[in-house]
Amino acid sequence: MGRKKIVAGNWKMNTNLNEALALINDIQKGSKQFSQVEKIIFPPFPFLKNSVDSLTNETTFYVGAQNCSEHIKGAFTGEVSAEMLKSVGCIYVLVGHSERRTFFKESDEQLILKIQNALKNDLQVIFCFGEKLEERKAGRHFETVKKQIENVLKNFSETELNKFYLAYEPVWAIGTGETATPQQAQEMHAYIRKIMSELFSNTLSQNMPILYGGSCNAQNAKELFSCADVDGGLIGGASLKAADFCKIIASF
Ligand code: PEP
C-alpha cells in the first residue's frame, strides 16, 4: 500500500468563530467524495473545540493546532499547552512553522521541547522546515534542510517518528505566490527521504508522509502532488476559501 494522501489547511490568524464554522461546513460538503484523502485543518486556538465538535462524524477529516507551548503548565500567560490541545480533541500539532521560527524566534531547542510535550499527550506532529531565499540563492538549501531535520529529529526514536508527518516549506514560497516548481519540490522531497533513511531507516523514510507547503493552490496542486515523493500539501492562503481548498483535495 502506498503512503497516505494528505491535504492540510493552516488558517493562521484568520477567521472569526462564525466564519470558521461556515468554512468547515463548506469544506465538508465539497470534499465528501474524497475519502481517500486525509483532510486536516488548523484553525486558531479559540475555535478548536467547536471545530472538533463539528467534525465528530468524520473519519478522514481532523483538527490540529498551529502551535503548542514548550512548557508543560503553569505561569506562562497566553501560552497553550499540548495537554490542553489534546483535551479539546486535537489530533495534530504544527511544530516549526517558519512564521513561528521567524517572528517568534523559536529555536531548535524550543521545537524539541514542544515535540516532547506533543508526544507525551499523544498528539501527532507535523514538523515544518525549509530554506530561506538567500540560502537557496547561495545553493545551501540542501545543507539547511539537512541541519533543520537533524538538529531536531535526532532527539526522537524511530517509534516516535512513526507518528510524524514532515512539511517541506521553502520560506521564499510561503505567502509569496511564488511556488516551488514540481522539479524543485520533488528533488527536495527525495533528498529528505534520503536524510531520514540515513538517520533512521529506509522503512521509516519510505513510510513517512512528506507534505509540500508554499503558495500551493487550486491551479498548481495537481502537478505538485503528481511528484513521486510529494504526499500532499500544507496550504495557507488557499485553505481559507472552501472552493479552492476542495479543488486542492481533488488534485490527487
Ligand atoms: C503555510 O503557511 O504553511 C503556507 C504554505 O502558506 P501559503 O500557502 O499561503 O504559502
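Counting starts at 1 for both ligands and their atoms, following the listed order.
S69 and E79 share a donor-acceptor pair across their side chains, judged by distance under 3.5 Å alone. Using a 3.5 Å distance cut-off with no hydrogens or angles, the side chains of N220 and N217 do pair a donor with an acceptor.
At a 4.0 Å heavy-atom cut-off, ligand 1 touches N10 through the side chain alone.
Given atom 4 (C) of ligand 1, the protein heavy atom at minimum distance is G236 N, 3.6 Å. Nearest protein heavy-atom neighbour of atom 2 (O) of ligand 1: K12 NZ, 2.5 Å.
Taking every heavy atom of G214 and a limit of under 4.0 angstrom, the matching atoms of ligand 1 come to 5 (C), 10 (O). Remark: ligand 1 atoms within the under-4.0 Å shell around heavy atoms of E169 are 1 (C), 3 (O), 4 (C), 5 (C). Shown in contact with G237 at under 4.0 Å from a heavy atom are these atoms of ligand 1, numbered in order with element: 7 (P), 8 (O), 9 (O). Here is the list of ligand 1 atoms found below 4.0 Å of a heavy atom in A173: 10 (O). Near G175, the atoms of ligand 1 lying under 4.0 angstrom from a non-hydrogen atom of the residue are 7 (P), 9 (O), 10 (O).
Of the N or O atoms in H97, one or more lie within a sub-3.5 Å distance of an N or O in ligand 1. Between C216 and ligand 1, a contact under 3.5 Å exists for no N or O pair.
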Name the atoms and distances for all side-chain donor-acceptor pairs under 3.5 Å in residues 240-252, with sequence neighbours left out.
unit_1 : atom_1 : unit_2 : atom_2 : d
S251   : OG     : K247   : O      : 2.8
S251   : OG     : I248   : O      : 3.2

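Between the CD1 atom in I40 and the CD1 atom in I91 there is a gap of 9.5 Å [rounded to 0.5 Å]. Distance check, rounded to the nearest 0.5 Å: NZ of K86 to SG of C68 gives 12.5 Å. Atom OG1 of T60 sits about 11.5 Å away from atom CD1 of I6, to the nearest 0.5 Å.
Checked for salt-bridge contact, E83 and K73 miss the test: no charged N lies under 4.0 Å from a carboxylate O.
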- Might you work through the side-chain contact (heavy atoms from CB on, under 4.5 Å) test for Y165 and D231, ending with a clear yes or no? CA-CA 10 Å; Y165 297 166; D231 303 308; over 6 Å; no

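Taking 4.0 Å as the cut-off, S239 does not count as a neighbour of ligand 1 on heavy-atom distance.
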